[in-house]
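Numbering of residues begins at 1 and proceeds along the displayed sequence.
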Amino acid sequence: MKIICIGRNYAEHAKEMKAELPKEPVFFMKPETALLKEEDFYFPDFTKELHHEIELVLKICKVGKSIQPEFADKYYNEIGLGIDFTARDMQANCKAKGLPWEIAKAFDNSAPIGGFINKQDLDLNNINFSLTINGQTKQVGNSNDLIFNFNQVIAYVTKFVTLKVGDLIYTGTPEGVGPVAIGDKLEGYINGNKLLNINIK
Ligand code: MG
């Protein structure tokens, strides 16, 4: 399986990163070894600035290439919550040098994943989600604020890349990204239901 991550998909997050609003979706990938299903995340020694990015995640249920937006909703059946952990100091360095940013994004365990909800049980245009750290709310988002909605994302990505069953699409983070530290407890919610629980060790 593979993990596809969409960048700059919420206007307020693009603003806080001092990035332009994209005219087309921006995507990158994380390998299967980035997936973290357990609750303990060990702070990597190569970064001093590890940022949380809470994101809605689509679980792909059907193989597809060159999917038209109007059929894209047939290709995912569940929506969950994940964190796109980012070594922000290293990413800034890569960006400044015009280099690919995999070392800042695709390292082991950089993609914690929580529980999923059946798509039919959600209003796809009004999914509220949030991240708390040690009980304090840090990020709040709503799928209605996506620059490119789920179907547009799937249509764009599959122009280039075939989706396979079990692939995950992290759909972008809202504003409020920031650092985590050893000892932090991260909890993620969709519509008030706790689906993600990560302890930074
Ligand atoms: Mg992200």
salt_bridge(Glu78, Lys59) N-O dist < 4.0 Å: yes
Return the CE to NZ distance between Met90 and Lys105, rounded to the nearest 0.5 Å. 12.5 Å
NZ of Lys201: more than 12 outside heavy atoms within 6.0 angstrom? no
Below 30° counts as parallel, above 60° as perpendicular, anything between as tilted: where do the rings of Phe85 and Phe41 land? tilted
Check for a donor-acceptor pair, side chain of Asp167 on one end and backbone N or O of Lys2 on the other, with a separation under 3.5 Å. yes
Has Asn191 got a side-chain atom pairing as donor or acceptor with Asn128's backbone, closer than 3.5 angstrom? yes
Between the NZ atom in Lys185 and the CG atom in Asn199, the distance rounded to the nearest 0.5 Å is 4.5 Å
Say whether Ile6 and Val57 are linked into one hydrophobic cluster, either directly or through other cluster members, by side-chain heavy-atom distances under 4.5 angstrom. no
Looking only at heavy atoms, what is the nearest atom pair of Thr47 and Glu49, with distance? OG1-N, 3.0 Å
Got a second to check how far Glu175's CD is from Lys15's NZ, nearest 0.5 Å? 9.0 Å
Let me know which of Glu53, His13, Glu55, Gln139 forms a side chain to side chain donor-acceptor pair (under 3.5 Å) with Thr173. Gln139
Give me the atom names and distance for the closest heavy-atom approach of Phe43 to Ile182. CB-CG1, 3.7 Å
Residues Gly176 and His52: closest non-hydrogen pair is O-CE1, 3.3 Å
NZ/Lys164: more than 12 non-hydrogen atoms of other groups inside 6.0 Å: no
Side-chain contact, heavy-atom cut-off 4.5 Å: Thr132 with Leu186? no
Please determine whether residues Leu21 and Val177 belong to a single hydrophobic cluster, defined as Ile, Leu, Val, Met, Phe, Trp and Tyr linked transitively by side-chain heavy-atom distances below 4.5 Å. no
Heavy atoms from other residues, nucleotides or ligands near CZ of Phe71 exceed 12 (cutoff 6.0 Å): no
One should read off an interatomic distance between Ile3 CD1 and Met29 CE, to the nearest 0.5 angstrom, of 11.0 Å
Does the side chain of Ile103 reach to within under 4.5 Å of the side chain of Cys94, using non-hydrogen atoms? yes
State, yes or no, whether a side-chain contact exists between Leu56 and Leu146 at a heavy-atom distance under 4.5 Å. no
Closest heavy-atom pair, Pro44 versus Leu50, reported as atoms and distance to 0.1 Å, is CD-CD2, 4.2 Å
Quick one: does any side-chain atom of Tyr170 pair with a main-chain N or O of Ala111 as donor and acceptor, under 3.5 Å? yes
Count the heavy atoms belonging to other residues, nucleotides or ligands that lie under 6.0 Å from CD of Gln120, then report whether that count exceeds 12. yes
Using a 4.5 Å cut-off on heavy atoms from C-beta on, say whether the side chain of Phe129 contacts that of Leu196. no
Do Ile83 and Ile133 belong together in a cluster built from hydrophobic side chains that touch within less than 4.5 Å? yes
Ile67 backbone acceptor or donor facing Thr158 side chain under 3.5 Å: yes
Short question: side chain of Asn9, backbone of Phe148 - any donor-acceptor pair under 3.5 Å? yes
Side-chain donor/acceptor of Thr86 to backbone N/O of His51, under 3.5 Å: no
Consider side-chain contact (heavy atoms from CB on, under 4.5 Å). Of Val165, Ile169, Asn77, Ile4, which one does Ile60 pass it with? Ile169
Are Ile154 and Leu124 linked, directly or through other ILVMFWY residues, by side chains that come within less than 4.5 angstrom of each other? yes
Would you mind reporting whether Ile127 and Ile117 have side-chain heavy atoms less than 4.5 Å apart? no
Under a 4.5 Å side-chain heavy-atom rule over Ile, Leu, Val, Met, Phe, Trp and Tyr, are Tyr189 and Tyr10 clustered together? no
Of the non-hydrogen atoms in Arg8 and Pro22, which two are nearest, and what is the gap between them? O-CG, 3.3 Å
Identify the two heavy atoms, one from Gln152 and one from Ile147, that lie closest to each other, and give their separation to 0.1 Å. OE1-O, 4.0 Å
Between the CD atom in Glu32 and the CG atom in Leu168, the distance rounded to the nearest 0.5 Å is 9.5 Å
Asn142 and Asn126: side-chain donor and acceptor closer than 3.5 Å? yes
Between Asn134 and Asp184, is the side chain to side chain contact (heavy atoms under 4.5 Å, CB included) condition met? List the steps. CA-CA 6 Å; Asn134 307 326; Asp184 282 349; 3.0 Å; yes
From Leu131 atom CG to Lys138 atom NZ, the distance as rounded to the nearest 0.5 Å: 9.0 Å
Geometric cation-pi criterion, Lys62 with Tyr75: 6.0 Å, 45°: yes
Lys65 atom NZ, neighbour heavy-atom count above 12 within 6.0 Å: yes
Greater than 12 external heavy atoms within 6.0 Å of Glu70's CD: yes
Keeping the roles fixed (side chain from Lys119, backbone from Tyr76), state whether a donor-acceptor pair exists under 3.5 Å. yes
